[in-house]
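Worksheet: the structure to be examined is printed underneath.
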Amino acid sequence: MSGHGPVQPGLGGGSMEVVAVIDFETTGLSPGQGDRATEVAAVILEDGRIVDRYQSLMNGGVRIPSFIESLTGISNAMIRRAPPAAEVMQEVADFVGDRPLVAHNASFDCKFWDAELARIERSRQQEFVCSLLLSRRIFPLAPSHKLGALVEYANLPVAGRYHRALADAEMAASLLLRLEDELRERHEVNDVSVQLLRRIQRVPKAQLTRCIARERSR
DNA sequence: TGCCAGGCCCTCTTTAGGGCCTT
């Protein structure tokens with residue numbers, strides 16, 4: 001299945017430049033070990049709202065291990081009927097365009113994004129923002145920084161079944177909006193830009209307050 | 001035969017080890 005859905009009300013209170021929040025389901029953890037994407041989703045965040053969405057299963061011709069079938073609910077039979085991975089990656093890359101990308105544990109999604117794009121002889125132009133790294137800094141007291149645990153901790157809506165691409169992308173989008181709200185309210189940062197988020201996710205935890213203070217004095 | 005990711009982050013650290021997080 002692929003397609004664009006209706007506009008939904010957002011959760012955030014402010015605005016940032018437009019970003020695309022993405023999520024992959026895959027056959028395993030490493031494209032370098034032969035793992036392939038089985039599903040991808042992207043949602044466009046604009047003015048604190050999800051304004052567009054893309055989701056598709058994708059057939060990379062690799063068998064899904066049974067424990068991952070159980071984890072995601074995506075079966076080998078579903079993938080056999082899915083469009084080719086190359087076709088889906090062309091669509092999703094066109095869908096997100098050159099917008100900055102956001103993912104929960106972005107190092108994982110970035111690996112698969114780059115590997116699947118390389119197979120269709122395309123390359124990523126934009127940077128990733130990582131909601132996991134941001135959460136570790138902005139919600140240091142959360143008992144866990146798994147996406148599901150953060151959704152519960154921040155009292156965010158559960159968008160659907162965990163470990164399905166669109167639900168996870170929507171929940172990561174909600175989480176990003178909540179993190180932006182925290183920066184505005186708790187640290188009195190008026191302009192939460194992608195550039196600021198990338199600085200925060202890289203700064204050592206102990207220097208977060210100093211980093212934000214510098215940002216506010218700009 | 002046996003093994004198989006990798007970046008981040010903390011601490012009993014930095015000449016290292018191990019947990020977290022993604023599927």
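These numbers come from the heavy atoms of this one structure, side chains and all, not from hydrogens, waters or symmetry mates. So that the names make sense, note that chain A is the first sequence line, chain B the second, and so on, each numbered from 1.
Atoms CZ (A:R137) and P (B:dC21) sit 14 Å apart, rounded to a whole Å. When the C1' atom of B:dC8 is taken as reference, atom CD1 of A:I200 falls 17 Å away, rounded to whole Å. Note: CG (A:L132) to P (B:dG7) measures 14 Å, nearest angstrom. The separation between A:F128 atom CZ and B:dC21 atom C1' is 16 Å, rounded to whole Å. In this entry the distance linking OH of A:Y162 with P of B:dC21 reads 14 Å, nearest Å. Note: CG (A:L141) to P (B:dC10) measures 13 Å, nearest angstrom. One atom, CZ of A:F139, and another, C1' of B:dC20, lie 18 Å apart when rounded to the nearest Å. Atom-to-atom, NZ of A:K111 to C1' of B:dT23 comes out at 9 Å; the value is rounded to the nearest Å.
Of the side-chain N and O atoms in A:S144, one or more sit less than 4.0 angstrom from OP1 or OP2 of B:dC21. Put simply, A:H163 has a side-chain N or O that comes within less than 4.0 Å of OP1 or OP2 on B:dT23. Side-chain N/O atoms of A:H145 include none lying less than 4.0 angstrom from OP1 or OP2 on B:dC20.
Residue A:L133 has its side chain nearest to B:dC8 when only B:dT23, B:dG6, B:dC8 are considered. Closest contact between the side chain of A:N105 and the listed nucleotides B:dC21, B:dA5, B:dG7 involves B:dC21. Proximity note for A:I68 (side chain, C-beta onward) versus B:dG6, B:dT23, B:dC21: the nearest is B:dT23. Picking from B:dG7, B:dT23, B:dC21 the nucleotide with the shortest atom distance to the side chain of A:T26 gives B:dT23. Nearest to the side-chain atoms of A:R136 among the listed nucleotides B:dC21, B:dC4, B:dT23 stands B:dC21.
Between A:D35 and A:T27, the side chains place a donor N or O and an acceptor N or O closer than 3.5 Å (distance only, hydrogens not considered). A donor-acceptor contact under 3.5 angstrom links the side chains of A:Q90 and A:R122, judged on distance only. Under the 3.5 Å distance criterion, with hydrogens and angles disregarded, no donor-acceptor pair is assigned to the side chains of A:H145 and A:S135.
The pair A:R53-A:E170 meets the salt-bridge criterion, with a side-chain N (NZ, NE, NH1 or NH2) lying under 4.0 Å from an Asp/Glu carboxylate O.
Spacing of P atoms, B:dC12 relative to B:dG7, comes out at 26 Å, to the nearest Å. With P as the reference atom, B:dG6 and B:dG2 are 23 Å apart, rounded to whole Å. Nucleotides B:dC20 and B:dC3 place their C1' atoms 22 Å apart, quoted to the nearest Å. Comparing the P positions of B:dT1 and B:dT13 gives an interatomic distance of 41 Å, to the nearest angstrom. When the P atom is used for both B:dG18 and B:dC4, the distance is 14 Å, rounded to whole Å. The separation of B:dT15 from B:dC21, taken at their P atoms, amounts to 27 Å, rounded to a whole angstrom.
Below 30°, between 30° and 60°, or above 60°: for A:W113 and A:F128 the angle between ring planes is above 60°, a perpendicular geometry.
Positionally, the nearest nucleotide of DNA chain B for A:S107 lies more toward the 5' end than for the other of A:K146 and A:S107. For the pair A:F108 and A:Q201, both in contact range of DNA chain B, the more 5′-proximal nearest nucleotide belongs to A:Q201.
As judged by a 4.0 angstrom heavy-atom cut-off over every strand, A:D109 is placed among residues making no nucleic acid contact. Note on A:Q33: a base of the nucleic acid sits closer than 4.0 angstrom, heavy atoms only. Using a 4.0 Å heavy-atom cutoff across all strands shown, A:G28 reaches at least one base atom of the nucleic acid. Nucleic acid contact class of A:F24 (heavy atoms, under 4.0 Å, all strands): sugar-phosphate only. Heavy atoms of A:T38 sit nowhere under 4.0 angstrom from any nucleic acid atom.
Considering only heavy atoms from C-beta on, A:L183 comes within 4.5 Å of A:L197 through its side chain.
A:R49 contributes no side-chain N or O that, together with a main-chain N or O of A:L45, makes up a donor-acceptor pair within less than 3.5 Å.
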